[in-house]
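This is the structure I want to talk about, given as structure tokens.
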Amino acid sequence: MYPQHVRTLSLITARARALGVDFTGEQRREVIALRAGEPWFEGARAAYESLWDGSATDADFDAAVPFFYGRWDAAARAHAAADAEQINEAAAEAYASSGAFDPAAARAAVARLAAPVLVFAGELDGGPRPRVAADVAELFPHAELAVQPGAGHYPWLDDPAYFARTVAAFLDRRGQPSG
């Protein structure tokens, strides 16, 4: 609503439903082949599939969690364990409810945004896949895409130094006040 007050915009593994871009089950399933060599793969594959075919149970959500991380290490496990405490289910349902977004209006607004935009994706993330993030970046007149190698949906955990370096470089390069 007030684009003149936006100096930069960083979209980190962001959803784009407001812009009319969503992630399909097919796109999310592409990561299955990318993760076949992981030690947790066999136990997580069927559970991950169930998330996108609508048959998932709570146990499936728990079993599929490694797919959302580039590395399934102690930091990822701790982050995943804290997830339930960090999600407001009622707010999430309202956010994604039918009619919550006006994609045509949102696209018109971002097409006028003069601020530089960073669209950041993880190479192994199922939502957004890097090519979907590239499509989102194309909706903004001054956007750039960054794809972090080996990262999932939480790139700041998968390689904190790479993530911080990439975002800081964008902000240093693009975040200077104009005028």
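Count residues from 1 along the sequence. Just so we're clear, the structure is a prediction, and the values are computed from it rather than from any experiment.
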What side-chain donor-acceptor pairs closer than 3.5 Å can you find for residues 119-126, not counting sequence neighbours?
| from | atom 1 | to | atom 2 | distance (Å) |
| --- | --- | --- | --- | --- |
| E123 | OE1 | G150 | N | 2.5 |
| D125 | OD1 | G127 | N | 3.1 |
| D125 | OD1 | H153 | ND1 | 3.3 |
| D125 | OD2 | H153 | ND1 | 2.7 |

Quiz item: Rounded to the nearest 0.5 Å, how far does CZ of R107 lie from CZ of F140?
Solution: 10.0 Å

Exercise. Using the test side chain to side chain donor-acceptor pair (under 3.5 Å), find all partners of R131 that sit at least two apart in sequence or belong to another chain.
Key: E30

Exercise. Under the salt bridge (Lys or Arg N to Asp or Glu O under 4.0 Å) rule, collect the residues that match up with R77, sequence neighbours excluded.
Key: none

Practice problem: Please name all residues satisfying salt bridge (Lys or Arg N to Asp or Glu O under 4.0 Å) with R28, sequence neighbours left out, ordered by chain then number. | Solution: none

Self-check item: Closest heavy-atom pair and its distance - A100, A94
Solution: CB-O, 3.9 Å

Quiz item: With sequence neighbours left out, what residues match R17 under side chain to side chain donor-acceptor pair (under 3.5 Å)?
Solution: D22

Quiz item: Could you state the interatomic distance from CG (L139) to CG (L113), rounded to the nearest 0.5 Å?
Solution: 12.0 Å

Quiz prompt | Sequence neighbours excluded - ring pair (Phe, Tyr, Trp, His ring centres under 6.0 Å) pairs with any residue from residues 86-109 | solution = Y95-F101

Quiz prompt | Partner residues of S10 under the side-chain contact (heavy atoms from CB on, under 4.5 Å) criterion, sequence neighbours left out | solution = I12, L118, F170, L171

Quiz item: Using the ring of each side chain (for Trp, its six-membered ring), is Y2 parallel, tilted or perpendicular to H5, with breaks at 30° and 60°?
Solution: tilted

Self-check item: Sequence neighbours excluded, every pair satisfying salt bridge (charged side-chain N to carboxylate O under 4.0 Å, His left out) that has a member inside residues 37-54
Solution: R29-E49, R35-E38

Quiz item: Same hydrophobic cluster for V31 and V147, using side-chain heavy-atom links shorter than 4.5 Å among ILVMFWY?
Solution: no

Which side-chain N or O atoms in residues 60-71 pair as donor and acceptor under 3.5 Å with protein atoms at least two apart or in another chain?
| from | atom 1 | to | atom 2 | distance (Å) |
| --- | --- | --- | --- | --- |
| D60 | OD2 | S50 | OG | 3.2 |
| D60 | OD2 | T57 | N | 3.0 |
| D60 | OD2 | T57 | OG1 | 3.2 |
| Y69 | OH | H79 | ND1 | 2.6 |
| Y69 | OH | A80 | N | 3.3 |
| R71 | NE | D73 | OD2 | 3.0 |
| R71 | NH1 | D158 | O | 2.3 |
| R71 | NH2 | D73 | OD2 | 3.1 |
| R71 | NH2 | L157 | O | 3.2 |
| R71 | NH2 | D158 | O | 3.4 |

Exercise. Sorted by first residue and then second, give each salt bridge (charged side-chain N to carboxylate O under 4.0 Å, His left out) pair with at least one member in residues 86-103; sequence neighbours left out.
Key: none

Quiz item: When clusters are formed by joining ILVMFWY residues with side-chain heavy atoms under 4.5 Å apart, either directly or through shared neighbours, do F163 and V117 land in the same one?
Solution: no

Self-check item: salt bridge (charged side-chain N to carboxylate O under 4.0 Å, His left out): pairs with one or both residues in residues 140-157, sequence neighbours excluded
Solution: E144-R173, E144-R174

Quiz prompt | Same cluster (ILVMFWY, side-chain, under 4.5 Å), V167 and V6 | solution = no

Self-check item: Residues, nucleotides or ligands: over 12 heavy atoms within 6.0 Å of N88 CG
Solution: yes

Quiz item: So do the side chains of W72 and P39 get within less than 4.5 Å of each other, counting heavy atoms only?
Solution: no

Exercise. Write out all pairs satisfying ring pair (Phe, Tyr, Trp, His ring centres under 6.0 Å) with one or both partners inside residues 15-39, taking only residues at least two apart or from two chains.
Key: none

Self-check item: Interatomic spacing from CG in L9 to CZ in R7 - rounded to 0.5 Å
Solution: 13.5 Å

Practice problem: Determine the minimum heavy-atom distance between T166 and A146, stating which atoms define it. | Solution: CG2-CB, 3.8 Å

Quiz item: Above 12 or not: heavy atoms from other molecules or residues under 6.0 Å from CD of E26?
Solution: no

